[in-house]
Amino acid sequence: MQLDFEPYFGGLKLNFEKIWSKKTKFMRESEIRALLKWISQGNIISFGGGMPDPKNIPKKELAEITYNLLLNRGEKILQYSGTKGTLELREELLKFMGKHGIKFESPENIIITTGSQQGLDLLGRIFIDPGDTVIVEIPTYLAAINAFQMYECKFIGVPVDDEGMRTDILEEKVKEAEGKGERIKFIYTIPTCQNPSGVSMSIDRRKHLLEIASKYDLLVVEDDPYSYFLYEPVEFKYLKSMDREGRVLFMSTFSKILAPGLRVGWLAGDREAIEKFCLAKQSMDLCTSQLNQFIASEALRTGLIERQLPKIREIYREKRNTMLKSLETYMPEGCRWARPIGGMFIFVWAPENVDTKKMLKRCLEKYRVAYVPGRSFHVDGSGGNAMRLNFTYPSKEEIVEGVKRLSKAIREEIESS
Ligand SMILES: *Cc1c(COP(=O)(O)O)cnc(C)c1O
């Protein structure tokens, strides 16, 4: 049966423009999200997102863990829980981080977040007033830029070379900003397997960064989703493990080592800050899904994660190698890229005259291949000729074919300009 309703007042439509908050007017769709829409239409080789290999998600083990949890402890697990996160998970994380070289005193140093993304938003909530300054790398993680921008901060960008953040430039910029009376709230860095550049910060630079932080009394945020699976034996030290002054906040996530769909991440550091994060998180979601927290802590307790890590390392290393080889084989003269020792991306620089944002439309329509244009990762508006390529989600065959297509598109772009 169909009912026909008459509109009440002649169909006058609500004018949302009149009521959006200032913040809402600020929001823009991320280019990755817009891309994902395209990709979901199928038949496109995607180097766009940052998704794990779908074949490597341990579905069966997770199904068993979940079944047992619900059967044996369902009454508790399906209730509300504390904002800071379950003690079980925070204790498992204390052990996990300890094993990987980051020591914390107690589970009270850790707050569980709904993905690292919530951690980024919480940083904005508790530290940024409009007009405050945040220091980031150039390029940096797009979702971090978006999260901090919501709190109306200004950015100072510090370029990254093949040893990571240029700490000499950092010091100059900090000095300059302090001289102008700017309020620097924190330095956000992804020191190990940086997203999107793929580089890792050298030990000397890490020391220098902490010296600068100490000298100017600054907070450092170390975002670390990738250090647990490196493709080559490289020496590195967590900033957090070198920090003697409680000025490093460490954040990480289960998204890259288990499954992004769980939306479980964590923030660890000085208790004074953790308590404030906790207050700020209360009004966001009360608590992160307790079921998902328990799945994550069981994945740690039963050794599932430690069994996954070598598999992830093997599969991704091979895929990275496939992409590197394809780039060498097919990319035209004048393109360059760094060899990532970990992470999920290769950042490619096309010749100066190639506008990768403009080229994307043609890549999607004609060549059926997707990537994320480089400019979105640059707070200074540069990077127009760069692009980020993900190698973990596509199959090896798709990697070869996709790079071939992309190379054709770039060649076309070079010749037409
Ligand atoms: C993938 C990634 C994350 C993960 O975010 P989640 O919200 O936990 O999925 C965080 N930071 C960086 C730099 C990343 O690359």
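Here, residue 1 is the first one in the sequence, and each next residue gets the next number. Side-chain atoms are counted along with the backbone in the values below, which use heavy atoms only and exclude waters and symmetry mates. Numbering of ligands and ligand atoms starts at 1, following listing order. Keep in mind the model is a prediction, meaning the values are calculated, not measured.
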For this session: Check each heavy atom of Gln118 against ligand 1 and say whether those closer than 4.0 Å belong to the side chain, the backbone, both or neither.
Result: neither
Exercise. What atoms in ligand 1 come closer than 4.0 Å to a heavy atom of Asn195?
Worked result: 14 (C), 15 (O)
Exercise. If you count the atoms of ligand 1 from 1 in the order shown, which ones are under 4.0 Å from a heavy atom of Gly115?
Worked result: 7 (O), 8 (O)
For this session: Give a yes/no verdict on a cation-pi contact between Arg388 and Phe345, requiring under 6.0 Å between NZ or CZ and the six-membered ring centre and an angle within 45° of the axis.
Result: yes
Problem set entry | Taking atom 9 (O) of ligand 1 as the reference point, the nearest protein heavy atom with its distance | Ser255 OG, 2.6 Å
Exercise. According to the interplanar angle, ranging from 0 to 90°, do the rings of Phe229 and Tyr226 count as parallel (below 30°), tilted (30 to 60°) or perpendicular (above 60°)?
Worked result: perpendicular
Seminar exercise, completed: Of Ala143, Gly119, Ala259, Pro225, the one whose closest heavy atom lies nearest atom 12 (C) of ligand 1 is Pro225
For this session: Would you check whether Met344 reaches within less than 4.0 Å of ligand 1, judged by its heavy atoms?
Result: no
Exercise. Is the shortest distance from a Lys or Arg side-chain nitrogen in Asp161 or Arg205 to a carboxylate oxygen in the other one below 4.0 Å?
Worked result: yes
Problem set entry | Glu152/Lys22 salt bridge by N-O under 4.0 Å criterion | no
Exercise. Is the shortest side-chain N to carboxylate O distance from Asp168 to Arg166 below 4.0 Å?
Worked result: yes
Exercise. Would you say ligand 1 has an N or O under 3.5 Å from any N or O of Asp223?
Worked result: yes
Exercise. Does even one non-hydrogen atom of Tyr226 get within less than 4.0 Å of ligand 1?
Worked result: yes
Exercise. Between Met251 and ligand 1, which residue portion shows a heavy-atom distance shorter than 4.0 Å: side chain, backbone, both, or neither?
Worked result: neither
For this session: Please indicate whether Tyr367 has more than 12 foreign heavy atoms, meaning atoms of other residues, nucleotides or ligands, lying under 6.0 Å from its OH.
Result: yes
For this session: Kindly check if the number of other-residue, nucleotide or ligand heavy atoms within 6.0 Å of CD (Glu232) is above 12?
Result: yes
